[in-house]
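Have a look at the structure below before the remarks.
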Amino acid sequence: MKIKRSIALSMIAMIVIFSGCGKDKNTEKKESATTEVTTQAIVATVEDATEEATTEEKLDKDSDGYVLVDDYVKVVDEVAYVQTEPSQSSTTYRLFEKDDVIKRTGYKDGWTRVVVDDYDFYIASSALKEADMESEEVASVSDATSTEEEYSKPKKIVIDPANQMEINVDTEEIGPGSDEKKQGCSVGHIGVSMDTKEYELNLKYALALKEKLEKEGYEVVMTRETNDVNISNKKRAEIANESGASAFIRIQMNYSSNPYETGIMAVSMKPDNIYNSQLYEESNTLATRLLQGISEKNDVVNHGIYETDQMTSINWSGLPVTLIKLGYLSNEAEEAKLISDEYMNKMVDGIVKGIEYYFR
């Protein structure tokens with residue numbers, strides 16, 4: 001900054017020298033006064049810039065360039081997306097709502113680093129402001145949203161246990177008006193070590209979810225309650241569309257060629273889906289809330305939301321929809337957990353928690 005200041009002062013000196021050439025004395029006096037004012041203004045500007053840069057240089061930063069802070073911020077937007085990386089295209093871990101308070105540890109380039117569930121995540125700085133309160137006054141992040149709010153949507157859910165006992169080989173349009181067609185419905189996967197049938201496990205979890213939701217006062221519509229049915233994926237979406245429900249949740253397991261893969265995942269449409277893009281925001285929120293609820297209740301890997309326009313049941317849906325994949329039958333240890341009643345109840349409790357978040 002000393003070099004930049006020297007250059008600026010040198011330029012001022014040159015202006016003063018050349019401004020005196022070829023002028024009469026009266027003109028020189030007037031311009032001398034003007035030059036003095038201009039000189040003072042430029043010097044002041046240089047000094048301000050020097051002071052500002054010096055202040056910036058004094059801020060403590062970590063190795064990633066984040067300005068280090070240890071305080072709290074409050075959400076000012078209606079919804080703030082907690083991202084796994086400082087990028088809008090990264091995975092959304094969970095959502096916070098207006099007036100929620102979060103611990104802040106750093107900021108840089110329009111992103112604020114926050115601590116959620118003991119891990120570092122990122123929120124766009126424009127969605128936040130500094131919280132004017134002491135740390136001891138800050139409520140637990142998990143409980144920051146009021147539980148006293150009225151539900152704005154009917155507490156009615158459609159649950160679809162994906163797959164069925166017999167394959168539906170008939171093809172159907174992947175979405176309204178589409179020339180692309182897919183098989184009506186599959187049986188799903190088989191567990192890698194215990195021969196667990198996915199269609200049976202999906203139904204087991206769905207029925208447990210139905211029971212718990214009804215105890216919480218929700219009305220539940222099931223697309224199937226037995227395994228011996230023949231209901232295509234399009235038909236399942238039509239059942240949801242005709243139900244008058246607020247959300248369509250599909251229950252499924254996952255499978256991978258990597259035998260070590262574990263964790264949960266949600267599936268939603270892309271934002272530019274040609275069939276029902278108007279549902280993207282609500283569907284994304286539903287997916288995020290379910291992942292949030294499960295993650296809070298269970299120690300699981302959260303793979304975030306996978307967006308695709310290749311799922312018939314999602315494309316045909318006329319209400320907010322997501323498919324939640326609860327674990328990998330291709331992983332021996334995870335398959336063993338998934339078939340455990342104890343683990344199932346914990347996972348279902350997490351889904352119920354996520355649904356409660358969605359309806360707030």
Side-chain angles (χ1 to χ4, degrees), residues 156-192 195-210 220-257 265-280 282-283 286-287 290 305-330 335 338:
K156 188 174 184 178
I157 304 289
V158 178
I159 302 175
D160 176 32
N163 311 117
Q164 59 192 29
M165 188 167 67
E166 298 290 339
I167 295 175
N168 182 328
V169 296
D170 296 332
T171 59
E172 57 189 0
E173 298 88 350
I174 196 172
S178 175
D179 293 330
E180 185 178 357
K181 294 187 176 183
K182 288 178 67 175
Q183 177 181 286
C185 192
S186 71
V187 300
H189 295 284
I190 302 295
V192 68
D195 295 329
T196 303
K197 296 178 177 65
E198 184 181 1
Y199 66 85
E200 291 181 344
L201 197 57
N202 295 341
L203 180 59
K204 181 180 178 182
Y205 273 73
L207 290 174
L209 176 59
K210 175 179 183 288
V220 178
V221 175
M222 299 287 292
T223 60
R224 70 180 180 96
E225 295 192 67
T226 64
N227 292 309
D228 189 11
V229 297
N230 186 10
I231 308 173
S232 73
N233 289 318
K234 175 184 174 182
K235 178 61 179 176
R236 294 167 192 241
E238 289 175 341
I239 292 172
N241 295 344
E242 296 166 3
S243 69
S246 297
F248 179 26
I249 299 172
R250 306 192 68 220
I251 302 296
Q252 194 172 41
M253 303 301 149
N254 214 336
Y255 205 91
S256 173
S257 58
M265 175 192 295
V267 183
S268 179
M269 76 279 285
K270 292 181 179 179
D272 58 352
N273 181 288
I274 63 173
Y275 308 111
N276 52 8
S277 59
Q278 76 278 6
L279 297 172
Y280 171 76
E282 276 295 303
S283 296
L286 175 62
L290 294 183
I305 303 171
Y306 173 65
E307 296 180 351
T308 178
D309 293 339
Q310 293 299 305
M311 298 200 72
T312 305
S313 57
I314 290 179
N315 293 340
W316 279 96
S317 180
L319 61 159
V321 56
T322 188
L323 168 66
I324 188 78
K325 292 177 176 281
L326 299 175
Y328 284 81
L329 292 177
S330 49
E335 180 189 1
L338 286 168

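- Between I167 and Q164, the shortest heavy-atom contact is C-NE2, 4.4 Å.
- In terms of heavy atoms, A162 sits closest to Q252 at CB-NE2, 3.8 Å.
- A donor-acceptor pair under 3.5 Å is absent between the side-chain atoms of S268 and the main chain of T322, judged by distance alone.
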(message) Applying side chain to side chain contact (heavy atoms under 4.5 Å, CB included) to I190 and E198, what does each step give before you reach the verdict?
(response) CA-CA 6 Å; I190 302 295; E198 184 181 1; over 6 Å; no
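- In this structure, NZ on K204 lies 14.5 Å from CG on L209, to the nearest 0.5 angstrom.
- The side-chain heavy atoms of V158 and I249, taken from C-beta on, include no pair separated by under 4.5 Å.
- Judged purely by atom type and a 3.5 angstrom limit, Y205 uses its side chain to pair as donor or acceptor with the backbone of L338.
- The distance from atom CD1 of I159 to atom CD1 of I324, rounded to the nearest 0.5 Å, is 12.5 Å.
- Between L329 and N254 there is no side-chain heavy-atom pair separated by less than 4.5 Å.
- Closest approach of F248 to L286, counting heavy atoms only: O-CD2, 4.1 Å.
- Taking OG1 of T226 as the reference point, atom CG of L203 lies at 7.5 Å (rounded to 0.5 Å).
- Of all non-hydrogen atoms in S277 and D272, the two that sit nearest each other are CB-C, 4.1 Å.
- Between V221 and K156 the shortest side-chain heavy-atom distance falls below 4.5 Å.
- With contacts defined as side-chain heavy-atom distances shorter than 4.5 Å, the pair I251/D160 does not qualify.
- A pairwise comparison of heavy atoms in S330 and S256 identifies OG-N, 2.9 Å as the closest pair.
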(request) Starting from the C-alpha separation in whole Å, work towards a yes-or-no answer on side chain to side chain contact (heavy atoms under 4.5 Å, CB included) for K197 and H189. (result) CA-CA 6 Å; K197 296 178 177 65; H189 295 284; over 6 Å; no
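- Between K270 and D309, none of the side-chain N atoms (NZ, or NE/NH1/NH2) sits under 4.0 Å from a carboxylate O, so this pair counts as no salt bridge.
- Side chain to side chain, R250 and N233 meet the donor-acceptor criterion of an N or O pair below 3.5 Å.
- Atom CD of E166 and atom CG of D228 lie 7.0 Å apart (nearest 0.5 Å).
- Looking at heavy atoms from C-beta onward, T223 lies in side-chain contact with P161 at the 4.5 angstrom threshold.
- With hydrogens and angles disregarded, no donor-acceptor distance shorter than 3.5 Å links the side chain of S283 to the backbone of P320.
- Between S178 and Y275, the side chains place a donor N or O and an acceptor N or O closer than 3.5 Å (distance only, hydrogens not considered).
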(request) Begin from the C-alpha positions of E307 and M269 and carry the test side chain to side chain contact (heavy atoms under 4.5 Å, CB included) through to its verdict. (result) CA-CA 5 Å; E307 296 180 351; M269 76 279 285; over 6 Å; no
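- Pairing each heavy atom of A206 with each of M222, the nearest pair is CB-CE, 3.9 Å.
- For the atom pair CG (L326) and CG (N202), the distance works out to 8.0 Å, reported to the nearest 0.5 Å.
- Listed by chain and residue number, E172 satisfy the side chain to side chain donor-acceptor pair (under 3.5 Å) test with S232 (two or more places apart in sequence, or in another chain).
- Using a 4.5 Å cut-off on side-chain heavy atoms (C-beta onward), N241 and S317 make contact.
- The backbone N or O of Q183 sits nowhere less than 3.5 Å from a side-chain atom of N168 that would complete a donor-acceptor pair.
- Between the side chains of N315 and N273, at least one donor N or O lies within less than 3.5 Å of an accepting N or O.
- Here the CD1-CD1 distance, from I239 to I231, works out to 5.0 Å after rounding to the nearest 0.5 Å.
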(request) Kindly determine whether R236 and W316 satisfy side chain to side chain contact (heavy atoms under 4.5 Å, CB included), including the steps that lead there. (result) CA-CA 9 Å; R236 294 167 192 241; W316 279 96; over 6 Å; no
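- K182 is not listed as a side-chain neighbour of E173, based on a closest heavy-atom distance of 4.5 Å or more.
- L207 places a side-chain heavy atom less than 4.5 Å from the side chain of E225.
- A donor-acceptor pair shorter than 3.5 Å can be found between the side chains of T196 and E335.
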